[in-house]
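Single-structure report; data block below.
Start at 1 with the first residue, then count along the sequence. As a basis for the values below, the full set of heavy atoms in this structure was taken, side chains included, without hydrogen atoms, waters or symmetry mates. In each ligand, atom 1 is the first atom listed, and ligand 1 is the first ligand listed.
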Amino acid sequence: MNIVLLGPPGAGKGTVAALLKKELGVPHISTGDIFRENIKNGTELGKKVESILASGGLVPDEVTIEMVRDRLSKDDTASGYILDGFPRTIAQAEALEGIDTIDHVLNFVLSTEEIISRLSGRRLCKSTGRIYHIKSNPPKVEGIDDETGEPLIQRDDDKPEAIKHRLEVYEEQTAPLIEYYRKKGNLLDVDSAPSPETIVAAVLKAVGKA
Ligand code: AMP
């Protein structure tokens with residue numbers, strides 16, 4: 001089963017994808033994670049996209065589409081995948097149609113107020129990737145990872161100016177995909193306010209896997 005997760009930054013796509021991946025036994029492919037991994041490893045791609053990610057803008061379509069085409073050609077996608085953060089533009093959605101058939105597009109819906117609160121309070125441990133929230137999921141000791149004792153960091157793109165820019169980019173470039181997929185008939189709206197476990201249960205039911 002091939003699933004696309006659509007929705008604004010901070011709507012919980014990554015958290016839900018990590019749980020869904022276990023339930024469905026398919027890989028979670030996050031374009032944001034792939035870019036961050038390349039930046040961490042100092043690859044050519046990483047150098048090219050570092051400042052774009054820090055500002056909250058979008059990596060050019062050609063670069064992103066080729067990266068996804070390559071990732072989807074790997075053997076582990078044979079029985080399906082969860083695409084998180086792609087497509088983000090109409091051009092990417094059209095390119096995806098030439099690569100594969102998408103069974104379900106899950107549209108995560110959350111108020112702007114809640115999005116800003118989730119993103120601005122998000123903290124993470126760089127080495128393990130573990131994610132916290134200063135209010136809803138705080139570490140035992142403020143600013144410190146529970147397991148490794150390392151200081152928690154805030155993603156550059158979770159800082160106020162970048163959040164504002166990411167939301168504008170979402171409205172302009174990505175939100176039109178909601179109508180695009182609704183017309184195709186494979187869009188499912190997902191209320192992102194409840195807990196990730198509740199969302200996953202609702203999604204499994206909606207896609208016939210409960
Ligand atoms: P995310 O982790 O999904 O919020 O993505 C982090 C950043 O990676 C975005 O703000 C963009 O700069 C870049 N990015 C991720 N996916 C895409 C995409 N499909 N198209 C262009 N840029 C992307």
Side-chain angles (χ1 to χ4, degrees), residues 2-18 20-21 27-41 43-72 81-100 102 105-108 110 112 114-126 129-133 153-178 180-181 190 192 196:
N2 301 336
I3 296 179
V4 159
L5 306 186
L6 189 65
K13 301 188 295 295
T15 312
V16 167
L20 261 187
K21 164 190 161 151
H28 166 207
I29 301 173
S30 154
T31 42
D33 283 351
I34 302 176
F35 287 132
R36 280 185 289 275
E37 190 63 23
N38 276 274
I39 292 171
K40 198 165 101 186
N41 296 333
T43 67
E44 279 307 308
L45 174 65
K47 285 180 199 148
K48 197 158 31 174
V49 303
E50 186 163 15
S51 62
I52 302 177
L53 263 82
S55 74
L58 289 188
V59 174
D61 283 336
E62 328 65 273
V63 176
T64 311
I65 290 166
E66 276 325 297
M67 186 179 83
V68 170
R69 190 190 301 281
D70 177 61
R71 180 64 188 85
L72 295 184
Y81 48 80
I82 301 161
L83 254 187
D84 166 12
F86 183 94
R88 257 175 157 98
T89 64
I90 297 280
Q92 292 179 10
E94 288 171 350
L96 181 59
E97 271 177 50
I99 301 175
D100 213 343
I102 299 302
V105 178
L106 308 181
N107 177 37
F108 285 62
L110 196 65
T112 307
E114 181 63 19
I115 290 168
I116 292 173
S117 151
R118 287 192 188 181
L119 289 176
S120 56
R122 181 157 69 179
R123 299 290 182 275
L124 83 152
C125 171
K126 208 170 179 182
R130 182 161 172 186
I131 295 170
Y132 298 84
H133 187 277
I153 60 155
Q154 183 175 37
R155 272 169 53 171
D156 280 342
D157 59 352
D158 282 345
K159 294 179 180 158
E161 267 315 295
I163 291 178
K164 190 167 163 271
H165 190 210
R166 285 164 78 198
L167 290 176
E168 285 164 2
V169 168
Y170 171 78
E171 278 308 322
E172 274 167 31
Q173 313 240 37
T174 309
L177 290 177
I178 298 173
Y180 177 94
Y181 283 117
V190 175
S192 307

When you compare the side chain of I29 with that of L72, does any pair of heavy atoms fall below 4.5 Å?
yes
Before signing off on this row, confirm whether T31 and ligand 1 have an N or O atom pair separated by under 3.5 Å.
yes
Can you tell me which portion of T64 lies within the under-4.0 Å heavy-atom range of ligand 1? Options are side chain, backbone, both, or neither.
side chain
Passing option when P8 is tested against T174, L119, I115 for side chain to side chain contact (heavy atoms under 4.5 Å, CB included):
I115
Give the residue and atom name of whichever protein heavy atom lies nearest to atom 7 (C) of ligand 1, and the separation in Å to one decimal.
L53 CG, 3.6 Å
Can you report which non-hydrogen protein atom sits closest to atom 6 (C) of ligand 1, along with the distance?
R36 NH1, 3.5 Å
Hey, are D158 and R166 close enough for a salt bridge, meaning a charged N less than 4.0 Å from a carboxylate O?
yes
Q92 N/O under 3.5 Å from ligand 1 N/O:
yes
Only residue of V105, V4, N2 satisfying side chain to side chain contact (heavy atoms under 4.5 Å, CB included) with L83 is V4
Which is it for N38 and V49 under the side chain to side chain contact (heavy atoms under 4.5 Å, CB included) test, yes or no, and what are the steps along the way?
CA-CA 9 Å; N38 276 274; V49 303; 5.7 Å; no
Honestly, for K13 the part within reach of ligand 1 (heavy atoms, under 4.0 Å) is neither
Among all protein heavy atoms, pick the one closest to atom 11 (C) of ligand 1 and tell me residue, atom and distance.
G57 O, 3.3 Å
Would the distance check show the side chain of H28 and the main-chain N or O of D84 forming a donor-acceptor pair, the cut-off being under 3.5 Å?
no
Within 6.0 angstrom of K159 NZ, more than 12 heavy atoms from elsewhere
yes
Who's the nearest protein heavy-atom neighbour of atom 1 (P) of ligand 1, and how far?
R88 NH2, 3.5 Å
Quick test: of every protein heavy atom, which one is nearest to atom 22 (N) of ligand 1, and how far off is it to 0.1 Å?
V59 N, 3.1 Å
Which bit of Q173 gets closer than 4.0 Å to ligand 1, counting heavy atoms only: side chain, backbone, both or neither?
neither
Identity and separation of the nearest protein heavy atom to atom 23 (C) of ligand 1:
F35 CE1, 3.7 Å
To the nearest 0.1 Å, how far is atom 19 (N) of ligand 1 from its closest protein heavy atom, and which atom is that?
G85 O, 2.8 Å
Does M67 have a heavy atom less than 4.0 Å from any atom of ligand 1?
no
Subset of ligand 1 atoms that lie under 4.0 Å from at least one heavy atom of R166
4 (O)
Any side-chain heavy atom of L53 within less than 4.5 Å of one from D156?
no
Salt bridge flag under 4.0 Å for residues E114 and R118
yes
